[in-house]
Amino acid sequence: MKYYSLKHQSPDVDFREATISGQAPDGGLYFPRSVNSLNTDFIHNLKHTSDEAICYEVIRHYVGTCIPDQVLKDIVAETIDFPIPLTQVNDHIFSLELFHGPTLAFKDVGARFMSRCLGYFARSTNREVTVLVATSGDTGGAVASGFAGVPGVNVVILYPSGKVSKVQEQQLTTFGGNVKALEVKGNFDDCQQMVKKAFLDEALKAKLFLTSANSINVARWLPQQFYYFLALKQWREAAPPVICVPSGNFGNICAGMLAFRSGLPVSHFIAACNANDTVPHFMQTGKYEARKAVATISNAMDVGDPSNFIRILELFHDAKPDLHEILTSVSVTDEKTKEVIRQVYQQYQYLLDPHGAVAYAALDSYHSENPERKGIILETAHPIKFLDVVEPIIGSNIPVPESIRHIMDKPRHSTVISNHYEALQQELLQL
Ligand SMILES: *Cc1c(COP(=O)(O)O)cnc(C)c1O
């Protein structure tokens, strides 16, 4: 399998090279030359196929010969070694719970897959790799957890000061060792810009073997297809579901749409955004206008210029089906998000986190216009990660899951830096 740059100024590369370099030399995102085409027997037999076998079948097309079969099978098994249940919330909405992994967020899936692939590639080349990542909250924790203690890999995480939750900050800053946390005096877009610059900095690249772990990396983006298939495996309704994805950088929903292109039955996708409405605005007007990110209570989606949206455009560039037939994108206010958390908790005793609540609001309103269609929201994080938002709304405490209790009191280690590229460059040159 070859990958090309969406800027079309760089040579094609294989999965290994795309994983290691993250971004093409021309600054473009990598995109597979061909989309997997899964046969209908495979799709019809999801219910009778093991999770590992499903995910292996979904990914092997994209990995090609870069990783031996048995190694890839082991990587897949480790990637999904926690439950991903589909829970019914009411008669028309189901929740795909993606928060049962080590950092209680869906990003564990992509981060675990990528860290293991990169570990394999580093071992086979004997070269120390530095993973550089900007996070709006959850990426960093998942990446830190995925890579912590992996020999031959250093991790540098940039996060916007004061814009991540307490649990998220603990998850970013308490590993130490090969994981370095940089607290940037700016917003997520600043962090992302700084990281993008580092990847184009030749002087830096001469010294460090740099790679990204953001959702633009194919090794994080592609395995996110897994749980769309696992959702359909658990789907018992007659018609294919509407799938509603709380979206920020659009990697998650783009993976779902790739799964759809590969044969997964889905009747419609909804990209649910918070006040950062660049894509809803584009879908309405046809104009893509990157904006400055604004802070919301669903902070992992505070992205004004979503990197992965261009991959969705590429997936549907042949206009069959037309993007509008398969994708709706809406913006949900913080006020509505809070109202949904309260209402769903009272009415169905189901506790949503702010990101899942944005998706719920969007799917519920789509359902009132399309009452015959049932759907799935991707519940991308455990509500405990946003207890400062959720607890006052429901008026009670959320029990702390065992898996994070132990990190809450650990001392934090982070370095505060300005939002200028030079500050990052200096930190990296000192590694
Ligand atoms: C990252 C994140 C999102 C947004 O996912 P994208 O792939 O960036 O669209 C949504 N919810 C949570 C909890 C996240 O951490």
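First listed ligand is number 1; within each ligand, the first listed atom is number 1. Both backbone and side-chain heavy atoms feed into the values below; hydrogens, waters and symmetry mates do not.
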Inset, instruction - List the steps, then state whether side-chain hydrogen bond (donor to acceptor under 3.5 Å, both in side chains) holds for H61 with S34. - result: CA-CA 9 Å; H61 171 84; S34 80; 3.1 Å; yes
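- The residues R116 and E78 are annotated as salt-bridged, a charged nitrogen and a carboxylate oxygen being separated by less than 4.0 angstrom.
- Remark: the backbone N or O of A77 is not paired with any side-chain donor or acceptor of E52 at under 3.5 angstrom.
- Look at R311 and E314 and you find no salt bridge, because none of the NZ, NE, NH1 or NH2 atoms lies under 4.0 Å from a carboxylate O.
- Ion pairing of D74 with R112 is absent here, as no side-chain N (NZ or NE/NH1/NH2) approaches a carboxylate O to less than 4.0 Å.
- Each of T328, L323, T278 was checked for a side-chain contact (heavy atoms from CB on, under 4.5 Å) with M283, and the lone residue meeting it is L323.
- The immediate protein surroundings of ligand 1, defined as residues with any heavy atom under 4.0 Å of it, consist of F106, K107, D138, P246, S247, G248, N249, F250, G251, N252, A300, M301, H355, T380, A381.
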